[in-house]
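Structure record follows, encoded as structure tokens.
Order of the sequence lines fixes the chain letters, A, B, ..., with proteins taken first and strands second; residue numbering starts at 1 for each chain.
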Amino acid sequence: MRVPVRVIATEKLLNEMDSEVFDQAVNVATLPGIQHRSFVMPDGHWGYGFPIGGVAAFDVEEGGVISPGGIGYDVNCGMRVVLTNLTEGDVRPHIRELVNTLFKKIPTGVGGEGFVKLSKQEFGRVLEEGGEWSVRNGYGWKEDLERTELRGMADWADVSKVSKKAIDRGFDQIGTLGSGNHYLEVQVVKEENIKYSEVAKKWGIFPGQVVVMMHTGSRGEGHQIATDYLDLFLSVMRSKYGIEVSDKQLACAPFYSNEGQDYWKAMACAVNFSFANRQTIVHRVREAFSETFRKDAEALGMSQLFEIAHNRATLERHQVNGVTRQLLVHRKGATAAYYAGREEVPAFFRDEGSPVIIGGSMETGSYLLVAMPGASETFCSTAHGSGRTMSRARAKHIWRGEELLRSMESRGIYVRAQGMGGVAEEAGGAYKNIDEVVEATHVAGISRPVVRLVPLGNIKG
DNA sequence: ATGTGC
């Protein structure tokens, strides 16, 4: 091990973690160029190579590596929140119509095709321009970009580093949600769930308000790019760069190598795909609300609060032992928490720090938080979700999709899903207690809860 | 996560 491992958790969460998490965090701590600590966030669980909830930063000037396993197959998977000026009283009577309209307008499920029809050449521009492309083509508002990480565009993207296969998989998937734990949810702000009213008010959040949250990523595009470069790194890692790893799933290459740079530029294309994807979905969400409530999206106050990813590597400056270094921070199932004073904080949030979006299960709710200065310890990182407590197979054994839908509807949550198996897999009971995860990040001083959001309606794959 | 596994 080149650095120690640090797990951020309460005792209960620590006891719930599978033992593979610790083995994996130890493996990560052996990789070339790693700095300070190999971290696990409180929602950590077993993943491909690196744990989900893993954070590792590599000094790129000192032979530090880039590793697809530290980023995840779903490159730049992330969260976006759009506000409305509607209240629970406005929306509840129309929730079925609203959710059905959303379900019709936003394709869900594996292999779902979007409504955006493009030539493969034009698709290259999507991969290089991300959310900028979407907004320029009428999918979203210019000000959405001011409230998106990196302004919705990783500007180092180079489409020539992306395989034809990846292009073929991605070019018809813009504006699609996907499957698994990806979802789009209509949520409500209950007065008693506002935890930090000063910041909530500044962000335009009020008691009774309805907001929209989504969780999706780079679909087949990012998956293929990750697959392509995992293969490439495996073939050169030992022979060309002499890097020995304890687990093949930790395939990596020096950041400043031909292969490392090619993946860095291809990864940015997957990042841009996911920005364009979520941006285009926001456009459809506004259309669905407009149709249901017979008002323009502007009149419905549908401005974007924020969007932030939890599966990416980013070049950032951090202090290590009092020296500022250029680090490649890998966050896999970990949200960036840029506290006030960091250059990454968008202008609107400069005084309080960046929002953090932590998605929970469709039964239990989600959180908005704000980054805290203690995140300087974790390379500006915090948790990203609840974290599963059991396999999808086990969840399907315990719950029946149809039954769960009926039970949720009786509790005021209307869900539309592509398949009933997927519903059972995502049962609230298959996840850790999100309140506990959030509390662990607060106690650690890395992020502070602003509001807990509870579901009214949800669409999923 | 994924045109879901070999």
Side-chain angles (χ1 to χ4, degrees), chain A residues 20-21 24 43-54 67-80 106-114 120 123 162-184 214-231 248-249 251 263 266-267 269-275 277-278 281 309-313 330-335 359-362 384-388 390-396 401 417-426 430-431 459-461:
Chain A
E20 292 94 331
V21 170
Q24 291 189 321
D43 51 338
H45 52 113
W46 175 87
Y48 182 93
F50 289 55
I52 295 162
S67 175
I71 293 165
Y73 274 97
D74 191 1
V75 177
N76 213 49
C77 182
M79 310 293 300
R80 196 178 275 232
I106 300 159
T108 60
V110 179
E113 274 183 36
K120 290 185 186 169
F123 183 62
V162 175
S163 69
K164 182 180 176 301
K165 197 173 176 185
I167 304 256
D168 288 346
R169 281 184 71 173
F171 86 104
D172 59 358
Q173 292 190 324
I174 301 167
T176 66
L177 200 58
S179 68
N181 62 4
H182 287 168
Y183 63 85
L184 190 142
M214 76 169 84
H215 175 218
T216 182
S218 52
R219 309 284 286 104
E221 186 62 37
H223 191 275
Q224 190 60 47
I225 289 171
T227 303
D228 291 342
Y229 281 91
L230 274 166
D231 287 351
K248 273 189 165 185
Q249 297 184 352
Y263 174 56
M267 183 208 77
C269 289
V271 167
N272 285 335
F273 179 91
S274 85
F275 282 142
N277 190 31
R278 290 190 287 266
I281 291 173
H310 46 234
N311 278 12
R312 195 175 71 227
H330 290 60
R331 297 186 186 90
K332 180 196 194 174
T335 312
S361 80
M362 62 188 169
H384 86 303
S386 296
R388 298 193 72 87
M390 64 178 77
S391 68
R392 294 183 173 276
R394 185 160 160 71
K396 271 197 282 201
Q418 201 66 245
M420 286 307 121
V423 174
E425 290 176 357
E426 293 301 314
Y431 282 89
I459 68 169
K460 52 178 42 283

Please determine if a side-chain N or O atom of [X] lies less than 4.0 Å away from the OP1 or OP2 oxygen of [N].
X: A:R392; N: B:dT4; value: no
X: A:S218; N: B:dA1; value: no
X: A:R219; N: B:dA1; value: no

For a 4.5 angstrom cut-off between non-hydrogen side-chain atoms, does A:S218 reach A:D74?
yes

Under a 4.5 Å cut-off applied to non-hydrogen side-chain atoms, are A:F171 and A:E221 in contact?
no

Contact class for A:G180 (heavy atom, under 4.0 Å): base, sugar-phosphate, or nothing?
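The answer is sugar-phosphate, as A:G180 gets under 4.0 Å only of primed atoms, P, OP1 or OP2.
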
How long is the line joining [atom1] of [X] and [atom2] of [N], in whole Å?
X: A:K332; N: B:dA1; atom1: NZ; atom2: C1'; value: 10 Å
X: A:Y73; N: B:dT2; atom1: OH; atom2: C1'; value: 9 Å
X: A:Q173; N: B:dT4; atom1: CD; atom2: P; value: 11 Å
X: A:D172; N: B:dT2; atom1: CG; atom2: P; value: 14 Å
X: A:L177; N: B:dT2; atom1: CG; atom2: P; value: 9 Å
X: A:H45; N: B:dA1; atom1: NE2; atom2: P; value: 9 Å
X: A:N181; N: B:dA1; atom1: CG; atom2: C1'; value: 7 Å
X: A:H223; N: B:dT2; atom1: NE2; atom2: C1'; value: 4 Å

Measure from the side chain of A:E426, starting at C-beta and using heavy atoms only, and say which of B:dT2, B:dA1, B:dT4 lies closest.
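The answer is B:dA1.
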
Any residue meeting ring-ring contact (aromatic ring centres under 6.0 Å, His included) with A:H384, in chain and number order, not counting sequence neighbours
A:H310

Can you list everything that forms a side chain to side chain contact (heavy atoms under 4.5 Å, CB included) with A:S163? Sequence neighbours excluded, please.
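Partners of A:S163 by the side chain to side chain contact (heavy atoms under 4.5 Å, CB included) criterion, ordered by chain and then number, come out as A:K165, A:A166, A:Q224, A:D228.
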
